[in-house]
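To keep things clear, I will list the structure first and then write my remarks on it.
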Amino acid sequence: MATNKPDPRGPGYIKLYVLAATIFLCSTMSGFDSSLMGSINALPNYTKYFGLSATGNASTGIVFAIFQVGQIGGALFVWLIDWYGRIWHIFFGCLGVIVGTIITGLATNLPTFIGGRFILAFFATLTTTAAPLYLVEISPAAYRGTIAGTFNTFYYVGSILATSSVYGCHKYLADQGDLDWRIPLWLQAVCAGIVALVIKFFPESPRYLILNDKHEEARQIITKYHTNGDPNHPLVELQMREMVESVQGIPKATWKDLFDLRVLVESRSSRYRLMLNMVFSWFAQFSGNNIISYYLPVMLDAIGVKDTDTKLILNIIYSVIGWVFSTCGARLHDVVGRRKMLLGSTFGMSICLALVAAGSAGKIEYNNNAAATLSIVFIFVFGAVFSGAFTPMQPVYPAEVVSNRMRAKAMGAYKITSGSAGFLNTFVGPIALSSIGYWFYVFFVFWDAFEFAFIYFFFVETKGLTLEELDIIFEADNPRKASLEAKKTLQEKLAYQQKDLS
């Protein structure tokens with residue numbers, strides 16, 4: 001197999017990349033919404049129409065946080081993925097997003113607007129939970145981090161499109177009533193509409209097919225997308241054997257099984273897996289990143305940046321930086337490894353937020369413009385450091401660390417956890433920023449330091465291992481240590497194979 005490695009530029013892989021690129025639009029949809037609200041909140045026409053405070057208050061927090069509430073609600077239905085499959089879940093999610101867009105786009109009062117955002121979030125969760133899970137399960141192990149990790153980098157493409165559309169509409173339509181914020185709201189339906197039109201033509205996840213005794217269909221998909229159509233390639237038999245063995249003795253799921261959550265906690269390894277799934281989900285939302293992505297205009301206002309156009313342009317720049325670094329990070333996770341990337345990121349985030357707090361204090365307490373510049377610079381450095389490591393792995397690592405039987409329900413736990421962390425962030429954020437100001441950043445300095453320690457002692461390395469090989473890792477007494485030893489063995493094997501080839 002070492003001398004007959006499938007060509008990653010072969011016809012099957014090209015088809016896989018096209019398939020993945022379409023699925024990436026689900027992430028673009030999610031990024032569009034999150035940055036859209038942060039940008040729209042800077043528009044006087046929007047805040048005046050709904051009677052919101054330009055500097056943020058409890059009502060502003062509810063408008064933002066209702067999205068997390070919708071996420072939690074949608075996560076309760078993730079188990080449907082194991083009933084009718086990943087593809088149908090994505091399809092229904094996209095249809096719901098279109099309905100939510102229509103409601104928010106036509107809303108004439110704040111309760112209707114909030115209700116529309118809840119519906120949009122509920123169905124967006126169906127899509128953004130099933131989509132990365134689908135990519136993790138259909139991607140070959142050697143490129144799983146790159147392909148599935150790139151999914152979340154398109155969150156920033158959505159952010160760029162959202163902030164750019166708000167900037168353009170505000171610049172040219174600010175004197176046209178509420179068009180400068182309503183048109184961007186309607187654009188939320190574009191990505192969902194494209195995915196809904198084509199998703200039913202895509203193949204189902206091979207692991208879902210194996211779970212439902214459709215072995216031949218799974219084999220055909222592995223052959224087509226992993227070995228460029230070569231049914232005799234040893235990789236086909238290897239993956240089929242691993243997948244079949246992973247579900248051996250497990251009966252086909254019934255309606256009763258779909259509601260049974262014992263699979264998440266039935267053994268020590270299951271509990272360790274669930275712990276990593278939920279802890280990473282919390283870290284990915286509660287590291288100071290959501291405060292910046294949602295409330296960047298408010299933060300800039302606090303350190304003296306008052307012009308609306310300037311704040312929108314800086315929002316666009318923040319999104320571009322995030323996209324560039326997260327795209328590079330998606331590939332680096334398959335080169336450097338998950339643990340080193342996450343450890344470096346948490347250390348860097350802690351340093352950046354310390355400097356943001358120091359700069360903010362200098363501007364607020366002493367009116368020092370140089371300190372304000374320092375704060376702005378390290379807000380953007382923070383965005384680069386966070387997005388390079390955490391953004392590509394947000395939906396990937398929680399899916400990698402759980403077994404095939406656990407995955408659908410565990411992704412529900414992932415969404416509930418991230419939604420809860422996001423709700424706390426976005427609801428408390430404006431209140432904390434207006435009440436304690438830069439001390440809120442100081443809190444995250446120490447929190448990110450805690451994350452560094454936790455990741456070092458407990459997180460498992462998943463780079464280069466198939467989902468079934470990870471099952472063995474988690475059965476070890478110390479999964480973290482076992483994963484590092486497996487990584488070392490894999491590196492030695494690859495080095496030997498490379499030497500043999502030369």
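A donor-acceptor distance shorter than 3.5 angstrom exists from the side chain of His333 to the backbone of Ala389, with no hydrogens or angles considered. For Arg144 (side chain) and Leu465 (main-chain N/O), a donor-acceptor pair under 3.5 Å exists by modelled atom type. No donor-acceptor pair closer than 3.5 Å links the side chain of Ser350 to the backbone N or O of Asp448. Although no hydrogens or angles enter the test, the distance criterion places a donor-acceptor pair under 3.5 Å between the side chain of Ser375 and the main chain of Val356. Panel note: side chain Arg273, backbone Val401; a donor-acceptor pair is recorded below 3.5 Å. Counting only distance, with no hydrogens or angles, the side chain of Ser164 and the backbone of Leu161 share no donor-acceptor pair below 3.5 Å. Remark: side-chain polar atoms of Asn152 are not paired, donor with acceptor, to backbone N or O of Pro392 under 3.5 angstrom. Looking only at distances, a side-chain donor or acceptor of Thr346 sits under 3.5 Å from a matching main-chain atom of Leu342. The backbone N or O of Ser27 sits nowhere less than 3.5 Å from a side-chain atom of Ser30 that would complete a donor-acceptor pair. Of the possible polar contacts, one joining the Thr127 side chain to the Cys94 backbone as a donor-acceptor pair under 3.5 Å is found.
A donor atom on one side chain and an acceptor atom on the other are not found under 3.5 Å apart for Asn45 and Asp178. Counting only N and O atoms by type, the side chains of Asp334 and Thr146 include a donor and acceptor under 3.5 Å apart. A donor atom on one side chain and an acceptor atom on the other are not found under 3.5 Å apart for Ser281 and Lys415.
When the shell of 6.0 Å around CZ of Phe443 is examined, it contains more than 12 heavy atoms from other residues, nucleotides or ligands. Heavy-atom neighbours of Trp186 CH2 from other residues, nucleotides or ligands within 6.0 Å: above the threshold of 12.
Within the 4.5 Å cutoff, no side-chain heavy atoms of Leu274 are placed close to those of Val402. At least one side-chain heavy atom of Ile66 sits under 4.5 Å from a side-chain heavy atom of Val69. Between His226 and Tyr143, the closest side-chain pair of non-hydrogen atoms is not below 4.5 Å. Side chains of Asp180 and Val166 form no contact here, defined as non-hydrogen atoms less than 4.5 Å apart. Counting only heavy atoms from C-beta outward, the side chains of Met29 and Phe32 never approach each other to under 4.5 Å. A 4.5 Å side-chain heavy-atom check between Phe454 and Val279 finds at least one atom pair inside the cut-off. Looking only at side-chain heavy atoms (C-beta outward), Val78 and Lys409 stay at 4.5 Å or farther from each other. The shortest side-chain heavy-atom distance between Glu451 and Met349 falls under the 4.5 Å cut-off.
Considering Asp82, Leu467, Ile81 as possible partners of Arg407, the one that fulfils the side chain to side chain contact (heavy atoms under 4.5 Å, CB included) test is Leu467. Considering Tyr156, Tyr155, Phe154 as possible partners of Phe24, the one that fulfils the ring pair (Phe, Tyr, Trp, His ring centres under 6.0 Å) test is Phe154.
A distance of 5.5 Å separates OG in Ser165 from CG in Leu187, rounded to the nearest 0.5 Å. With rounding to the nearest 0.5 angstrom, the CD1 atom of Ile87 is 11.5 Å from the CZ atom of Phe91. Note that CD1 of Ile138 is 9.5 Å distant from NZ of Lys224, once rounded to the nearest 0.5 Å. Here Thr112 contributes atom OG1 and Ile103 contributes atom CD1; the two are 8.5 Å apart, rounded to the nearest 0.5 Å. The distance from atom CD of Glu204 to atom CD of Glu137, rounded to the nearest 0.5 Å, is 8.5 Å. Atom OG1 in Thr417 sits 11.5 Å away from atom CZ in Phe283 (nearest 0.5 Å).
Close placement of the Trp181 and Phe50 rings is indicated, their centers lying within 6.0 Å of each other. In this structure, Tyr397 has its ring center under 6.0 Å from that of Phe459. Between Phe386 and Phe325, the ring centre distance reaches or exceeds 6.0 Å. A distance below 6.0 Å separates the ring centres of Phe286 and Phe444. Between Trp447 and Phe450, the distance from one ring center to the other falls under 6.0 angstrom. Under the 6.0 Å cut-off for aromatic ring centres, Phe92 and Tyr84 qualify, their centroids lying closer than that.
Gly74 approaches Leu126 most closely through the heavy-atom pair O-CD2, 3.6 Å. Here the closest non-hydrogen pair linking Ala107 and Arg182 is O-NH2, 2.6 Å. Taking each heavy atom of Val385 and Ser345 in turn, the nearest pair found is O-OG, 3.0 Å. The two residues Ala130 and Ile90 come nearest to each other via the heavy atoms CB-CG1, 3.7 Å. Residues Ala20 and Ile147 come closest through the heavy atom pair CB-CG2, 3.9 Å. Shown here for Val396 and Gly149, the closest heavy-atom pair between the two residues is CG2-N, 3.7 Å.
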Q. Could you walk me through whether Ile221 and Tyr225 pass the side-chain contact (heavy atoms from CB on, under 4.5 Å) check?
A. CA-CA 6 Å; Ile221 292 169; Tyr225 293 104; 3.7 Å; yes
Q: Take Ile119 and Thr104 through the side-chain contact (heavy atoms from CB on, under 4.5 Å) test and state the conclusion after the steps.
A: CA-CA 9 Å; Ile119 292 172; Thr104 55; over 6 Å; no
(Q) I'd like to know whether Val460 forms a side-chain contact (heavy atoms from CB on, under 4.5 Å) with Leu276, so could you lay out the CA-CA distance, the side-chain angles of the two residues, the decisive distance to 0.1 Å, and finally the verdict. (A) CA-CA 8 Å; Val460 164; Leu276 288 183; 3.9 Å; yes
Q | Check against side-chain contact (heavy atoms from CB on, under 4.5 Å), Ile321 and Ser387 | A | CA-CA 9 Å; Ile321 290 173; Ser387 60; 5.6 Å; no
Q) Going through the distances and angles, do Tyr208 and Tyr134 end up as a ring pair (Phe, Tyr, Trp, His ring centres under 6.0 Å)? A) CA-CA 9 Å; Tyr208 169 78; Tyr134 174 74; over 10 Å; no
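Annotation: cation-pi pair Arg339/Tyr456 present, NZ/CZ under 6.0 Å from the ring centroid and within 45° of its normal. Under the 6.0 Å distance and 45° angle rule, Arg9 does not count as a cation-pi partner of Tyr17.
With salt bridges taken as basic N to acidic carboxylate O contacts below 4.0 Å, one links Glu400 and Arg338.
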